[in-house]
Number of protein chains: 2
Amino acid sequence: MPVYQPSDMRVTQQSAAATHTADCVIFGFAEGDLRVLLVRRAIAPFAGYWVLPGGAMGAGENLDATARRVMSELVGVRDLYLRQIGTYSDPDRHPVRRVVTTSYYALVRPEHHAPTARDYLTEARWFSIPDVPELGFDHSRLLTDAHARLTLHLRTRPLAFDLLPARFTLSEVHRLYQEILGETLDRRNFRRKLLSYPFLIETNQKRQGVKGGPLLYRIDRAALDRELA
Amino acid sequence: MPVYQPSDMRVTQQSAAATHTADCVIFGFAEGDLRVLLVRRAIAPFAGYWVLPGGAMGAGENLDATARRVMSELVGVRDLYLRQIGTYSDPDRHPVRRVVTTSYYALVRPEHHAPTARDYLTEARWFSIPDVPELGFDHSRLLTDAHARLTLHLRTRPLAFDLLPARFTLSEVHRLYQEILGETLDRRNFRRKLLSYPFLIETNQKRQGVKGGPLLYRIDRAALDRELA
DNA sequence: ACAAAAGTGTTTCTCTTACACCCATGA
DNA sequence: TCATGGGTGTAAGAGAAACACTTTTGT
């Protein structure tokens, strides 16, 4: 009886018949606050509970593809910022059968794809983070973990631009960061840091309808991707 | 036909019968270099290839428990530093059946548990990182990712002490960091930083057999855990 | 005694933080 | 014209980086 077995050798022996799903923590930024997209379950278990949107991994796709599919079905976007957070596998996390879930977080612009508008149809809604109720399954935990990861990433890398429209003012970025991080940031210091980024490009347009006539900026996407690599 | 479906609703529909395994990237530090524990496959696929040790998730355990079990069977340790890295799910990553793997990295002290000694039995061996051959499956990728994550963590948090014996000299920590990060670190600056940690405790013993007669230090484990929390 | 490694402080520089007034636009 | 938000610079402090000689021990 060999003591050490490569991963494949145990597969049949103790394998648990688990379904694998990808659950998405989709963050958006609207009307000055950070929101997350939740869906409401119509069936047991956790009927009536709000949960993270998710779906089972298909035969020909990996989990990233599953997450993208879920997102595109739900908010109709592709090519967004998507990132794997972690895998949750407690045996009893699903009360009926064994389900292992890998969570992702995504950043989108809610005003571009508004499942809120189809609320009556879909039971999908944006929630401000403080308003999120207790979720079904262990999804409150997944949400907390994803939010923690998002703030961590935000503190270390300039990746919040996926939450903003293509053209934005520096004040909008400022408010976004303050909202997500939950703290006030010195305006001048923040602007200086932003302006030091090579991927931030000043347009010569101004935002209309706002006092002070703030300049609009846009992102050089290629340069940003280089920065994040 | 509802457009949005909570995760549970799709489970039966497109579920792929995937086995779920935990694969462990076990790092150790011996004779001045960073090593990783690999096992050799005896059977197809990838017979003769070195791979990361792993095992299938059991019915009553979560993946963390699986990883711990694999580790304890392999190197006979419990209570080590273990951390989930990511989940790999490409449909063809296993040439025979569908296997989804969650990878973990762990830090141990090779001299305390030496699978190398039982080499003839086990086909388990410590490899210096530069000597690692091309691995079976996608394990080269898992190893690369885990190593990247380890260096990232090491740069931000003082967690390398699980790789060292209970009592160690500051020079040993210094060499460890240099080895893992792959760069030289100023000795005085490094010592100053180490000495500023409240969990580092000076013993009044000196290491024998080493010129200079360096002082031995130990870790206040509770204080360290507080620091890492 | 000599070779090798341990131990020790100070200066410079960079980055972060704190802070207040003028300007442009909309109402 | 006035109220609101946008735009700008400088000084102090904290943390990181650079740098060389003396002490201890083994051989």
Side-chain angles (χ1 to χ4, degrees), chain A residues 29 31-33 151-158 160-161 164-165 167-198 200-219 227, chain B residues 29-33 151-158 160-161 164-165 167-219 227:
Chain A
F29 187 68
E31 291 159 42
D33 52 38
T151 60
L152 180 71
H153 286 162
L154 217 60
R155 273 178 215 280
T156 52
R157 338 194 113 195
F161 299 102
L164 291 165
R167 310 216 154 189
F168 49 85
T169 69
L170 296 189
S171 292
E172 286 162 2
V173 188
H174 185 222
R175 283 191 292 268
L176 170 66
Y177 268 77
Q178 291 191 138
E179 171 65 20
I180 299 182
L181 300 180
E183 65 194 65
T184 64
L185 302 168
D186 181 88
R187 195 154 54 93
R188 276 173 293 187
N189 292 337
F190 185 80
R191 293 172 69 90
R192 179 180 19 253
K193 178 167 241 174
L194 275 187
L195 289 170
S196 76
Y197 290 134
L200 191 74
I201 297 169
E202 179 182 322
T203 70
N204 44 20
Q205 302 167 26
K206 292 184 170 188
R207 171 79 74 209
Q208 300 300 318
V210 173
K211 293 177 182 175
L215 269 175
L216 287 168
Y217 289 79
R218 65 184 178 82
I219 289 298
E227 201 82 7
Chain B
F29 187 68
E31 291 160 42
D33 50 39
T151 60
L152 180 70
H153 287 163
L154 216 59
R155 274 178 214 281
T156 52
R157 337 194 114 193
F161 299 103
L164 290 166
R167 310 215 155 189
F168 50 85
T169 69
L170 297 189
S171 293
E172 287 162 3
V173 188
H174 185 222
R175 282 190 293 267
L176 170 66
Y177 268 77
Q178 292 192 137
E179 171 65 20
I180 300 182
L181 300 180
E183 64 193 65
T184 64
L185 303 168
D186 181 87
R187 196 154 53 94
R188 276 172 294 187
N189 292 337
F190 185 79
R191 292 172 69 89
R192 181 182 15 256
K193 177 168 244 176
L194 275 187
L195 290 170
S196 76
Y197 290 134
F199 53 78
L200 191 75
I201 296 170
E202 178 182 323
T203 69
N204 43 20
Q205 302 166 26
K206 293 184 171 188
R207 171 80 74 208
Q208 301 299 316
V210 174
K211 293 177 183 176
L215 269 175
L216 287 168
Y217 290 79
R218 66 184 177 83
I219 289 299
E227 202 82 6

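Order of the sequence lines sets the chain letters (A, B, ...), proteins ahead of strands, with each chain counted from 1. Quantities reported herein were computed from a predicted structural model and do not represent experimental measurements.
- Whole-Å rounding puts the Gln205(A) CD to dT25(C) P distance at 14 Å.
- Straight-line distance from the CD atom of Gln208(A) to the P atom of dA27(C): 11 Å, rounded to whole Å.
- Inter-residue side-chain proximity for Leu216(B) and Thr169(B) is flagged as met; some heavy-atom pair is nearer than 4.5 Å.
- Residues Ile219(B) and Ile201(B) form no side-chain contact, since every pair of their non-hydrogen atoms from C-beta on lies 4.5 Å or further apart.
- Each of Thr184(B), Leu154(B), Thr151(B) was evaluated against Tyr177(B); a single residue qualifies, Leu154(B), per the side-chain contact (heavy atoms from CB on, under 4.5 Å) test.
- Remark: C1' of dT23(D) and CG of Leu215(B) are 13 Å apart, rounded to the nearest angstrom.
- Applying the 4.0 Å criterion to OP1 and OP2 of dG5(D), one finds that Ser171(A) has every side-chain N and O outside that range.
- For the pair Leu170(A) CG and dG5(D) P, the interatomic distance rounds to 17 Å; values are reported in whole Å.
- A side-chain donor-acceptor contact under 3.5 Å links His174(A) to the backbone of Leu185(A).
- OP1 or OP2 of dG6(D) has not a single side-chain nitrogen or oxygen of Lys211(A) nearer than 4.0 Å.
- Summarising the geometry, atom CZ belonging to Phe29(A) is positioned 8.5 Å from atom CD belonging to Glu172(A); distances are rounded to the nearest 0.5 Å.
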Can you check side-chain contact (heavy atoms from CB on, under 4.5 Å) on Phe168(A) and Leu200(A), steps first, answer last? CA-CA 11 Å; Phe168(A) 49 85; Leu200(A) 191 74; 3.8 Å; yes
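- Between His174(A) atom NE2 and dG5(D) atom P the separation is 14 Å, expressed in whole Å.
- In this structure, Leu200(A) places its CG atom 15 Å from C1' of dG7(D), rounding to the nearest Å.
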Reading 5' to 3' through nucleotides 8-17 of chain D, protein heavy-atom contacts under 4.0 Å coded B for base, S for sugar-phosphate only, - for none: BBB------B
